[in-house]
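What follows is one structure encoded as structure tokens, with my remarks underneath.
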Amino acid sequence: MSNRTDLVELEVFLAIVRAGGFRRAATIRGVSASALSHSMRSLEERLGVRLLHRTSRSVHLTAAGEMLVRELEPRFRGIEDAIEGLNEFRGHLVGRVRITALRDAARLLLAPKLPAFLAAFPEIEVEIAVDDKFIDMVAEGFDAGIRYGGTVPEGMIASRLSDSLEWIIVGSPGYLRDHGHPGHPEDLASHKCIRIRLGTDRIYEWEFEHQGKRLAIDVPGTIILDDSELSIRMAEAGVGLFYCLKARVDAQLSSGSLVAVLPEWISPGPGFHAYYSSHRQVPSALRAFLDHLRG
């Protein structure tokens, strides 16, 4: 096997394996799942051996498929690295950067810095998917993810992008007039709170720190949200107290639509971190993107 079609179909095979299925691979490549299925059938027919066991929900490698992946992976990685190395000879960077990022990171980190990056590197294509849900970054075809430090998945390389972040409680003047100000985090038990569902589907326990003492409170509340913007709007409307990044509500604190609660218990937390696979070198386009965010 040596013709161009064979090489394309072998690369399709690897893409399906890396993504864990036809649908994910098709989404990443911007083609239909049926087109990938056709390519796989054509490849298997020419090879005379089955590479994948297919079900309606998943695909699994056959023994022959496992052997072929072991042989192909380092070779295709080598091709990708060789093409990447051409950037050293161009004098300018080209490539594609695909990022998955938290909503708060998109608003506080990416939105202020992305325009300047696009202007400085006009030949780098940037795609950003904003979602607080934890995903399999490698299987979904992303080059890197951006999350809070301390929440980076195991097996990934983490790289700090921002300084530490401050977390505070806020409430509307009307809510605090009607329900009073809590004097201690434990007083939240008698308040209405806007609870937070994390990207892991877990309900977040609000964390506090004061004079070396740390607390984590499972606050009460009849509303659970997974979006900071909606939660802030609800806090402004007097629905309840909300725990969030101080930087997300600076404007509301300045205007007076929200008031800081328990300010002496402001909780510092790790800044935004990028994370990426440790199994390959960092492409120069991704490295330039992360350096720009860090600067």
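Bear in mind that the values here come from a model prediction, so they are computed numbers and not experimental data. Position 1 is the first residue of the sequence, and the numbers go up from there.
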Please lay out, stage by stage, how Leu165 and Leu108 fare under the test side-chain contact (heavy atoms from CB on, under 4.5 Å).
CA-CA 11 Å; Leu165 301 166; Leu108 298 175; 5.6 Å; no
Hey, mind stepping through Phe242 and Met234 against side-chain contact (heavy atoms from CB on, under 4.5 Å) and telling me if it holds?
CA-CA 9 Å; Phe242 182 53; Met234 293 300 98; over 6 Å; no
Evaluate side-chain contact (heavy atoms from CB on, under 4.5 Å) for Ile124 paired with Phe289, printing each intermediate quantity in order.
CA-CA 9 Å; Ile124 294 179; Phe289 183 74; over 6 Å; no
List the steps and the verdict of side-chain contact (heavy atoms from CB on, under 4.5 Å) for Ile146 and Leu110.
CA-CA 10 Å; Ile146 300 177; Leu110 295 176; 4.0 Å; yes
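Looking at Ser231, its side chain does come within 3.5 Å of a backbone N or O of Asp227 through a donor-acceptor pair. Between the Arg103 side chain and the Val130 main chain, no donor and acceptor come within less than 3.5 Å of each other. Checking side-chain atoms of Ser164 against main-chain N and O of Pro268 turns up no donor-acceptor pair under 3.5 Å. Formation of a donor-acceptor pair under 3.5 Å by the Ser162 side chain with backbone atoms of Phe272 is found in this model. No donor-acceptor distance shorter than 3.5 angstrom exists from the side chain of His179 to the backbone of His191, with no hydrogens or angles considered. Within the 3.5 Å criterion, the main-chain N or O of Val219 finds a donor-acceptor partner in the side chain of Arg195. Judged purely by atom type and a 3.5 angstrom limit, Lys192 has no side-chain atom pairing as donor or acceptor with the backbone of Tyr175.
The distance from the CD atom of Glu127 to the CG atom of Asp143 is 9.5 Å, given to the nearest 0.5 Å. In this structure, CG on Leu43 lies 11.5 Å from NE2 on His38, to the nearest 0.5 angstrom. In this structure, CG on Leu118 lies 8.0 Å from NE2 on His292, to the nearest 0.5 angstrom. Separation of atoms CG (Leu36) and CZ (Arg23) is listed at 12.5 Å; rounding is to 0.5 Å. Interatomic distance, Ile224 CD1 to Cys193 SG, rounded to the nearest 0.5 Å: 12.0 Å. Taking CG of Leu241 as the reference point, atom CG of Leu258 lies at 10.0 Å (rounded to 0.5 Å).
Between the side chains of Ser228 and Arg107, no donor-acceptor pair is found at a separation under 3.5 Å. In this structure, a donor-acceptor pair under 3.5 Å is absent between the side chains of Glu140 and Thr100. Side-chain contact, Ser267 with Glu207: no donor N or O sits under 3.5 Å from an acceptor N or O.
Between Ile169 and Trp265 there is no side-chain heavy-atom pair separated by less than 4.5 Å. The shortest distance between side-chain heavy atoms of Gln252 and Val170 does not fall below 4.5 Å. Using a 4.5 Å heavy-atom cutoff, the side chains of Arg294 and Ser159 are in contact. Residues Trp206 and Pro185 form no side-chain contact, since every pair of their non-hydrogen atoms from C-beta on lies 4.5 Å or further apart. Annotation: side chain of Val282 is not in contact with side chain of Ile157 (no heavy-atom distance under 4.5 Å).
Among all heavy-atom pairs drawn from Val49 and Ala64, the shortest one is CG2-CB, 3.6 Å. Among all heavy-atom pairs drawn from Ala235 and Ile194, the shortest one is N-CD1, 3.6 Å. In terms of heavy atoms, Ser32 sits closest to Ala26 at C-CB, 3.7 Å. Across all non-hydrogen atoms, the minimal contact from Val152 to Ala158 is CG2-CB, 4.0 Å. Here the shortest heavy-atom pairing between Gly183 and Asp187 reads N-OD2, 2.9 Å. The shortest heavy-atom contact between Arg147 and Asp131 is NH1-O, 4.4 Å.
The 12-atom threshold is exceeded at NE2 of His184, counting heavy atoms of other residues, nucleotides or ligands nearer than 6.0 Å. Around atom CZ of Arg233, no more than 12 heavy atoms belonging to other residues, nucleotides or ligands sit under 6.0 Å away.
Using a 4.0 Å cut-off between charged side-chain N and carboxylate O, Arg98 and Glu125 make no salt bridge. Between Arg41 and Glu45 there is no salt bridge, since no side-chain nitrogen of the basic residue lies less than 4.0 Å from a carboxylate oxygen of the acidic one. Ion pair Asp250/Lys246 flagged as a salt bridge, since at least one NZ, NE, NH1 or NH2 atom sits closer than 4.0 Å to an Asp/Glu carboxylate oxygen.
Cluster annotation: Leu225 is not connected to Phe134 through the hydrophobic network of ILVMFWY side chains, with a link wherever side-chain heavy atoms come within less than 4.5 Å. The cluster map of Ile, Leu, Val, Met, Phe, Trp and Tyr, joined by side-chain heavy atoms under 4.5 Å apart, puts Met67 and Leu61 in different clusters. With hydrophobic clusters built from ILVMFWY side chains whose heavy atoms lie under 4.5 angstrom apart, Ile203 does not share a cluster with Leu215.
Below 30°, between 30° and 60°, or above 60°: for Tyr204 and Trp167 the angle between ring planes is between 30° and 60°, a tilted geometry.
Shown are Leu102, Thr200, Asp104; of these, the side chain to side chain contact (heavy atoms under 4.5 Å, CB included) with Asp132 is made only by Leu102.
Taking the six-membered ring for Trp, Phe208 and Tyr243 have ring centres closer than 6.0 Å.
Within the cation-pi definition used here (under 6.0 Å to the ring centroid, within 45° of the axis), Arg287 does not qualify as a partner of Tyr276.
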